[in-house]
Amino acid sequence: MENSEEKDQINDFIRQIIKEDLKENKNDGKVHTRFPPEPNGYLHIGHAQAIWLNFGLAEEFNGKCNLRFDDTNPEKEEVEYVDSIMEDIKWLGYDWDIRLYYASDYFEQLYNFAVELIKKGKAYVDSLTPDEIKEYRGTPTEPGKESPYRDRTVEENLDLFERMRAWEFEEGKHLLRAKIDMASPNMNLRDPAIYRIRKVHHHRTGDEWCIYPMYDFAHGQSDALEGITHSICTLEFENHRPLYDWFLDNLSVPCHPQQIEFARLNINYTVMSKRKLLTLVDNNVVSGWDDPRMPTLSGFRRRGYTPEAIKNFVERAGIAKRESIIDIALLEHSIREDLNKKTQRVMTVLNPIKVIFDNYPEDKTEELDAVNNPEDEKMGKRKITFSKEIYIEREDFMEDPPKKFFRLSPGNEVRLRYAYIIKCVSVINDENTGEVKEIHCTYDHETRSGMPQSKRKVKGTIHWISVNNSIEAEIRLYDRLFTVEEPTKDKEKDFIDFVNPDSLKILTNCKVEPWLKNAKALDKFQFERRGYFCLDSKDSSSEKLVFNRTVPLRDTWAKIAKKQ
RNA sequence: UGCCGGGUCGUCUAAUGGCAGGACUACGCCCUUUGAAGGCGUCUGUAGAGGUUCAAAUCCUCUCCCGGCAGCCA
């Protein structure tokens, strides 16, 4: 209920257009959108916004949304990408039902549309070389000039185009072009290419075709064939809209969809183009498209992000026409908010140092109650073991603490979460390095959680884990992939130069609660006082547990310490 | 500088001639057996100059700034 009320409040300019169309009963009051990825890379979080928009609009206005692969360029497209794209959309929670299409499904119809254009005298086969075509096109400030082949007869064009299809010509020898206006101030209308010869194997049509339609010729007609009402795309296609409309106006198509453009999603400290992400993969800067540092959906999934958090984020980022860069802090807020409500808490020590209680019996152990999730009582409680020797985080102890350090230090007390109040009595340092090796404490036996004395005010509470009741794990800490907000802004340097060398830190000697050995891939937890973590889906095994840090908890102390 | 588009708190985003609001961030306080979460509060904005109007972020004029476009990519 609450959710739908919230949804009703979204009123971006696209929704306003749709509501207006509905009011006028345009398209018989129907809304039909489509998500049209090119299978030449993995989906990133920018695509998630487009998916959320297109599928969300369909849900909101009782319409439908198609999935259509825009596979008109066989040189870059692969089945691997098709599969990953479908997996990612499903993961986000959307369903195209039976409406799975490929632009390549329409190759025959698109060919016929091209023939129709030729017959109407509105398309011609050009035989200029690629270089000549470029030269003839002019520049943004100067008009182009017409190709000498522009006035070929309909019969000649038909014959040539048929022979192009019949594998008679070499790549680049001929090109089918729309006959529009070589002097148009809009470069897209200067006789744009419609069909080019490419003797390349296509991932779906195999070697059936050697001519392939250009994006501009395929997209609008595919939209029309599917009965799309609102064809939503990003800003860089705004200049193509007159061409989109020109084709639909000059062909016998079943309907004329409306193209609407919005600004693509950008986030600081990362990059968001498939080409650049591919570069990171190819140069082994990351381990693959699903490296947890990647802004791909598969990367976020492996990192421990949830579809809910991603959808909340793209909704909060909003839909508009002005170009913007969203602060990564908004994304982090969204995932913390979701995981806080959902995750089981667990005691872990990432960087252990041993604490020994001088006044605790050698062989004694105690089972103590720990809350699984303070945000959700239904998640219940579990037992944790206390004993003479425990580990705490190295950073929770300081021999010479600054002001406002509320943790353990010589002569001072601290509370052990769910256990006792303890006091540091002595410290053993490493003979060579001087580093703290072992901390000796006394525990106050009247302060066990729940006892009256446990109400005593102690400023700090730290987490811990029993030496004999913990298992080892590897924990991978991820940070932002780049050191600067806009890695692609610098004109002198390559964006790769700004990769954060500390974007991945691997901790190998971490201690976690023993039951975690039963965790399944992608299971999510809050490691108390540290952050949200999930079991890695590729490298973790029963012999070696591997956890990925999704996002750290907010850390007020880190800010205070930094100021001091 | 041809054409197209865009400029509202630090960052996003609303207000569609009628009180510039929300979220994130930052900061402060409260609460706290997670320095988390939560609660309360504070700061900060209509690119500039004119004009129309009782009233302008919104309409008009001029200026400035920022993107996109010269693939047989999408």
Side-chain angles (χ1 to χ4, degrees), chain A residues 9-13 16 36-38 40 70 72-73 75-77 126 128-130 133-135 137-144 171-177 184-190 192-198 211-212 214-216 218-219 233-242 261 263 268 274-275 313 316-334 336-337 340-341 345 347 371 374-375 404-407 415-419 421 449-450 454-455 458-463 485 526-531 552-561:
Chain A
Q9 287 170 9
I10 310 174
N11 198 30
D12 52 66
F13 79 99
Q16 290 178 25
E38 183 189 10
N40 66 343
D70 212 335
T72 57
N73 182 6
E75 287 179 315
K76 293 180 178 173
E77 295 153 7
D126 199 356
L128 252 24
T129 66
I133 287 182
K134 185 177 176 177
E135 203 185 307
R137 186 157 28 235
T139 71
T141 51
E142 296 161 302
E171 289 188 10
K173 188 76 183 158
H174 299 291
L175 177 73
L176 186 70
R177 294 228 255 171
S184 172
N186 183 341
M187 303 284 290
N188 294 121
L189 298 179
R190 320 246 260 228
I194 296 178
Y195 263 93
R196 76 287 209 183
I197 300 170
R198 280 287 172 280
I211 55 171
Y212 292 93
M214 300 290 291
Y215 164 85
D216 286 304
H219 205 93
C233 62
T234 42
L235 245 32
E236 68 269 27
F237 294 106
E238 206 160 22
N239 291 340
H240 294 239
R241 195 170 63 229
E261 311 85 14
N268 56 13
K274 282 192 276 191
R275 208 199 94 241
F313 167 73
R316 282 171 174 145
I319 301 294
K321 288 200 80 162
R322 65 176 149 259
E323 289 175 57
S324 59
I325 302 171
I326 314 288
D327 195 331
I328 185 92
L330 185 62
L331 213 211
E332 293 179 345
H333 168 78
S334 299
R336 285 192 188 108
E337 172 187 64
N340 176 49
K341 286 183 295 193
R345 311 289 127 123
M347 299 280 245
V371 174
E375 305 288 325
K404 291 189 181 170
F405 182 82
F406 303 145
R407 307 175 185 183
R415 184 190 304 278
L416 291 180
R417 185 135 157 101
Y418 300 130
I421 294 170
S449 281
S454 73
K455 300 284 179 284
V458 178
K459 197 67 184 170
T461 300
I462 63 174
H463 62 281
E485 290 198 36
Q526 185 199 89
F527 290 179
E528 294 230 12
R529 298 211 308 133
R530 299 312 303 244
L553 251 27
R554 288 189 63 189
D555 191 349
T556 306
W557 166 245
K559 283 179 196 164
I560 297 169

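Throughout, a chain's letter reflects where its sequence line sits, starting with A, and its residues are numbered from 1.
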Contiguous Watson-Crick or G-U pair runs (3 or more, under 3.5 Å) in RNA chain B: B:2-7 with B:64-69, B:10-13 with B:21-24, B:26-30 with B:38-42, B:47-51 with B:59-63
Take the angle between the ring planes of A:F237 and A:H240 and call it parallel below 30°, perpendicular above 60°, tilted in between. perpendicular
Once you round it to whole Å, what is the distance between [atom2] of [N] and [atom1] of [X]?
| X | N | atom1 | atom2 | value |
| --- | --- | --- | --- | --- |
| A:R190 | B:rC3 | CZ | P | 12 Å |
| A:K341 | B:rG38 | NZ | C1' | 13 Å |
| A:Y195 | B:rC73 | OH | P | 14 Å |

With heavy atoms under 4.0 Å as the rule, sort [X] into base, sugar-phosphate or nothing.
| X | result |
| --- | --- |
| A:K404 | base |
| A:Q526 | base |
| A:R554 | sugar-phosphate |
| A:R530 | nothing |
| A:I326 | sugar-phosphate |
| A:T72 | sugar-phosphate |
| A:P374 | base |
| A:E38 | sugar-phosphate |
| A:I325 | sugar-phosphate |
| A:R345 | base |
| A:S324 | sugar-phosphate |
| A:F313 | nothing |
| A:T556 | sugar-phosphate |
| A:I319 | sugar-phosphate |

Between A:H174 and A:D126, a side-chain donor and acceptor under 3.5 Å: no
Quick one about A:H463 and A:R417 (side-chain donor to acceptor, distance below 3.5 Å, no hydrogens or angles considered), yes or no? no
Where along nucleotides 63-69 of chain B does protein come under 4.0 Å, by heavy atom, of base (B) or sugar-phosphate alone (S), with - for untouched nucleotides? ----SBS
With hydrogens left out and only the distance checked, is there a donor-acceptor pair under 3.5 Å joining A:R407's side chain and the base of B:rG35? yes
Using only heavy-atom distances, decide whether a donor-acceptor pair under 3.5 angstrom links the side-chain of A:R415 to the base of B:rU34. no
Taking only side-chain N and O atoms of [X], does any of them lie within less than 4.0 angstrom of OP1 or OP2 on [N]?
| X | N | result |
| --- | --- | --- |
| A:R529 | B:rG35 | yes |
| A:K559 | B:rC27 | yes |
| A:Q16 | B:rA15 | yes |
| A:K321 | B:rG7 | no |
| A:R322 | B:rU13 | yes |
| A:R275 | B:rG71 | no |
| A:H333 | B:rC24 | yes |

Flag as yes if A:W557 stacks onto the base of B:rG35 (centroids under 5.5 Å, planes under 30°), otherwise no. yes
Side chains of A:L331 and A:I326 in contact at under 4.5 Å (non-hydrogen atoms): no
One thing to verify: whether A:R137 and A:E142 come together as a salt bridge, which I'm taking to mean a side-chain N less than 4.0 angstrom from a carboxylate O. no
With syn defined as a glycosidic angle within 90 degrees of 0 and anti as anything else, the base of B:rG71 is syn
Checking [X] side chain against [Y] main chain: does a donor-acceptor pair fall under 3.5 Å?
| X | Y | result |
| --- | --- | --- |
| A:N186 | A:N239 | yes |
| A:N40 | A:K76 | no |
| A:E77 | A:N73 | yes |
| A:R530 | A:M347 | no |
| A:T234 | A:E236 | no |
| A:Q526 | A:N340 | no |

Does A:Y418 or A:A317 map to a spot on RNA chain B nearer the 5' end, using the closest nucleotide for each? A:A317
Name the residue closer to the 5' end of RNA chain B, choosing between A:L128 and A:G460 according to the nucleotide with the nearest heavy atom. A:G460
What pairs with A:Y418 under ring pair (Phe, Tyr, Trp, His ring centres under 6.0 Å), at least two apart in sequence or on another chain? none
What's the gap between B:rG7 and B:rC12 when it is taken at their C1' atoms, as a whole Å value? 14 Å
